[in-house]
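Every value quoted in this text rests on a predicted model; they were computed, and no experiment measured them. Quick note: numbers below take in every heavy atom, side chains included, and nothing from hydrogens, waters or symmetry partners. A, B, ... follow the sequence lines: proteins, then strands. Residue 1 opens every chain.
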Amino acid sequence: MTESPTRGPRVGLFATCLMNVFRPNVGFSAVKLLEDAGCTVEVPANQTCCGQPGYNSGDYDAARALARQVIETFEHYDYIVGPSGSCMATIRHDYPVLFQDDPVWLPRAQALSEKAWELLSFLTDVLGATASDSHYDGTVTYHDSCSGLRGLGIKGQPRTLLGEVDGLRLKEMEDSEVCCGFGGTFCVKYPEISEKMVEDKVKNILATGADTVVGGDLGCLMNIAGRLKRINAPVKVFHTAEVLAGLADGPGLAGAAKESD
Amino acid sequence: MTAAANAREAILNSVRSALRRGPLDDTRRAELDARRPRHTRPAQDEELVARFIRKFESRAGTTARVASRADVPAAVEAYRVEKGLPARAAVGAALKDLAFPGLEIHHEPAGISETMAVSQALAGIAEPGSLMMASGPASPITHNFVPDDHVVVLDAGAIVGHFEEAWEVLRARPEGMPRATNIISGPSRTADVEQTIQLGAHGPRRVHVIIVG
Amino acid sequence: MEIRSNEFKQRAVFAIHDASLQQALGKARGGFVGKRAQQAAELPEFEQLREEAKNTKNHILDNLDHYLERYEAAVTAAGGHVHWARDAEEARKIILDICKRVDAKTVTKGKSMVSEEIGLNEALIEHGMEVVETDLGEYIIQLAHEPPSHIIAPAVHKTKDQVSDLFEAAHGGPRKTEVPDLVNEARMVLRDKYFRADVGITGGNFLVAETGSSIIVTNEGNGDLTQTLAKVHIVTSGIERVVPTLDDATLFLRLLARSATGQETETYTTISTGPRRADDLDGPEEYHVVLVDNGRSKMLGGRFKDMLRCIRCGACMNHCPVYGAVGGHAYGWVYPGPMGSVLTPLIKGLDNAYDLPNACTLNGRCASVCPVKIPLPDLLRELRHMQHQQDITPVMQRRALKVWRYVATRPKLYHALEQVGARFLSAIARNGSIRRLPLASGWTDVRDLPAPAGRTFLELWQGKRGQK
């Protein structure tokens, strides 16, 4: 790994599990956006999961084990930034709760919590970045992911940035703040309820006439994309970062082509 | 100890043990008794009578305004004729000083076939635009709920800004709290069938306020 | 009421395929949410009031024993009687004893969730009394022999056609089909009951220690007719509903109607203090309050104390997408939606309601509208934690968590498995997605799985940056 020429803050990129496996393009988009905004980006190889699946399943011990790993891996960076409201809300809000009775780990959890940012919110709220150099041809509707929206207050930031993208028309859907029915393991434990919820979400997306839906969490986006594909609705699905970075080619998650080696 | 006393002590003890403490000492109790909360009151910048009328009418209530108490019977009669109601009414004894010529009246509780009642309000609350009725020998509770038409006399000077001021009116009564303090904000309504708002669910179908002064 | 919360999954699926229910839920959802949002927007102090309401409730709960004693003394001074019930059975017995003593034949009831919680109607009917629910929604579901599906709109799951059928069967024809005619028909039938009633039972939204009063809030006026025309008025209420003063009650009144139905105020706010006075012309001759614990005092001690702030407005279920999809009956007991998913396992036992805390996406919309700021998702997660600790969680899930923890705390192994997974999924994909994946049918039964491109981000990154 070589050092980037820029002298901005040193950012450790949190490569979320879903991004790592399903959508590496989101990771490259995040790196591009961060570097364009003047950051030095590193991707520590020792990272895995933030621990949220354990936490939300009630296995707090497992969540703590993962949290300690994340803290150790990222605490020496200026910031830990990830392209997911969900994972970053876990690090920001849940880590200090998990270690509230642990005098050794609590200060470390709090210190990491204070420098944990979701990508879009970091770009705007911390770095004051703009998206004036980006271009995207299409009508886009934005889905508010619940963790980002309610956990981290992400609502205006992505809309502001998307609004600056040349050629992009933003069209709001009805109930953009209502859960899409993903909910981590919820979607496989209660598939029928999840189906009803994602069906409502997809109806609202289609009603806008937008050709693209974007959002800030791959869990939601995979759920929405999977449903769109199942009903053969030709709507492209991208992470907001892909659009902003100018790396939103093809149909996105709604049918990513195989990697051409 | 009786079963009832047992239950009482058991619940209070369970509360205390959950709170990890014994009974509060006298000093703490005195502090709690002396507590006078000052919660946020929504700001108002409107003349009280105007606000009362605007709010009350926003919920399908109707109002009329007269100059003096002597004008009340004529205003009641005008309302009765306009609605085509029978010439009879249950009238609270609080309005005993007024004559209602042409109207067959009584001061008893409202019976099942009562068509109209006329009552005196203790106060109006401008904040939500509501009437405050205090039950007593001169203002039976049934008058507020049984007839289809309820006409309420409200002195303009008895309209206060916020709920808290209305409570002061209650606290100032020498006879203390009435059995029923009815805060009424318009005609009875329901939305229990398909969220469709329908007036006159169980209580009055119409509530008309005559503001005096 | 018998608990059927462990049938949640089956009942939820049934509900999703019930066309009438889906029609009724669809109508309700938009109305409540939009009206509440409008009320919140029109009151600049709304958020401040929520914060004050939370703090005031916490103060009350910290001193609950004192305020309950003060309340009891004030009720007694006003000529009323306070009864204490440790559990549902004691509460039923207290009320039955009063009813039997006055030889009650007809009992009218205003809406009371506590009376549902203690299974009161069944007990009264068993003893030969006629029990008449007078809230229109409660009346409708009583005719249908169903429990409420919502705490403030008990018949929200019924369509107008279904109400027409129920009324026609109960009252005899001619069949009414329009809302005004249906409401009027119920009005006429119930008037007669109010005037005949021996005992009137209502809930209590707030119990005021300062004055010894109970407060109910209604739109219909049924609670007032119930408690005024009967010879005896009985209030059933949870011990946590006490407030120190009328001014404290006001704080919650400002939030209740706005959060519940999206009204600035409901039509009737009634403060009841003692029985009729010596020279009063109407009102009940006796006034009783039954304070029900039923698990509440235990909740005070731990993480679930926050739940005791609940003022039963129903905003959480109105904003819950899961409730919106399945309705209230799927939850299988008295309290549905997010608040019910916390309360039911606590009152009826963790293992009697396994699904309730789990059937939630933790999206947080409920907490964002709760007028007393109950952190409902955190409480639901805490229940999952208790289930996990007590081994109530299914074995498969516990095993999966163990494996996941083992792998995820070993980055090299984790990455290797991710690489295998990415390649495998990529290989079986067609046109960028996977239609069926045997071990993940929960996912692929209802949607495709977007396929990975083949190599993981970490692999690609190390390749690219390594070359630089």
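Heavy atoms closer than 4.5 Å to chain B are found nowhere in C:Ile215, neither backbone nor side chain. Interface residue C:Leu300: backbone and side-chain heavy atoms are both found under 4.5 Å from chain B. The contact between C:Leu61 and chain B is made entirely by backbone atoms, counting heavy-atom distances below 4.5 Å. Residue C:Gln48 touches chain B through its side chain alone, counting heavy-atom pairs closer than 4.5 Å. Interface remark: C:Met299 contributes no atoms to any contact with chain B (heavy atom separation under 4.5 Å). Using a 4.5 Å cut-off between heavy atoms, C:Phe46 does not touch chain B at all. Using a 4.5 Å cut-off between heavy atoms, C:Tyr139 makes no contact with chain B at all. Within the 4.5 angstrom heavy-atom criterion, only side-chain atoms of C:Leu49, from C-beta onward, approach chain B. Proximity to chain B is absent for every atom of C:His150, based on heavy atoms less than 4.5 angstrom apart. C:Thr245 touches chain B through its side chain: at least one heavy atom from C-beta onward sits under 4.5 Å away, while N, CA, C and O do not. In this structure, no portion of C:Thr218 lies under 4.5 Å from any heavy atom of chain B. For C:Thr56, the part lying under 4.5 angstrom from a heavy atom of chain B is the side chain only. Heavy-atom distances place the side chain of C:Arg70, and not its backbone, under 4.5 Å from chain B.
Side-chain contact annotation: B:Arg179 with C:His233, donor-acceptor N/O pair under 3.5 Å present. A donor-acceptor pair shorter than 3.5 Å can be found between the side chains of B:Thr190 and C:Glu220. Between the side chains of B:His39 and C:Asp247, no donor-acceptor pair is found at a separation under 3.5 Å. Between the side chains of B:Glu194 and C:Thr159, not a single donor N or O lies within less than 3.5 Å of an accepting N or O.
Counting heavy-atom pairs under 4.5 Å between each of B:Gly200, B:Pro204, B:Ala180 and chain C puts B:Gly200 at the top. Counting heavy-atom pairs under 4.5 Å between each of B:His162, B:Arg59, B:Arg28, B:Arg21 and chain C puts B:Arg21 at the top. The candidate from B:Arg8, B:Arg35, B:Arg38, B:Met133 with the greatest count of non-hydrogen atom pairs under 4.5 Å with chain C is B:Arg8. For the options C:Ala28, C:Gly283, C:Ala24, heavy-atom pairs under 4.5 Å to chain B are most numerous at C:Ala28. Of the listed residues (B:Glu108, B:Arg41, B:Arg36), the greatest number of heavy-atom pairs within a distance under 4.5 Å of chain C belongs to B:Arg41.
When all heavy atoms of B:Gln198 and C:Pro180 are compared, the closest pair comes out as OE1-CG, 3.3 Å. Contact record, B:Ile11 with C:Ala85: CD1-O, 3.5 Å, taken as the closest heavy-atom pair.
Sorted by first then second residue, the side chain to side chain donor-acceptor pair (under 3.5 Å) pairs that include residues 121-132 of chain B, not counting sequence neighbours, are B:Glu127-C:Arg254, B:Ser130-B:Ser185. The ring-ring contact (aromatic ring centres under 6.0 Å, His included) pairs that include a residue from residues 106-148 of chain B are B:Phe145-C:Tyr268, where partners are two or more places apart or lie in different chains.
Under the 3.5 Å distance criterion, the side-chain polar atoms of C:Arg191 are matched with a main-chain donor or acceptor of B:His202.
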Working for side-chain contact (heavy atoms from CB on, under 4.5 Å), residues C:Asn63 and B:Glu31:
CA-CA 11 Å; C:Asn63 300 284; B:Glu31 275 171 24; over 6 Å; no
With side-chain contact (heavy atoms from CB on, under 4.5 Å) as the test, would you mind laying out the steps for C:Ile140 and B:Val193 before giving the verdict? CA-CA 9 Å; C:Ile140 291 167; B:Val193 184; 4.1 Å; yes
TODO: Give the C-alpha distance, both sets of side-chain angles, the deciding distance and a yes or no for side-chain contact (heavy atoms from CB on, under 4.5 Å) between B:Ile112 and C:Tyr194.
DONE: CA-CA 9 Å; B:Ile112 195 164; C:Tyr194 295 126; over 6 Å; no
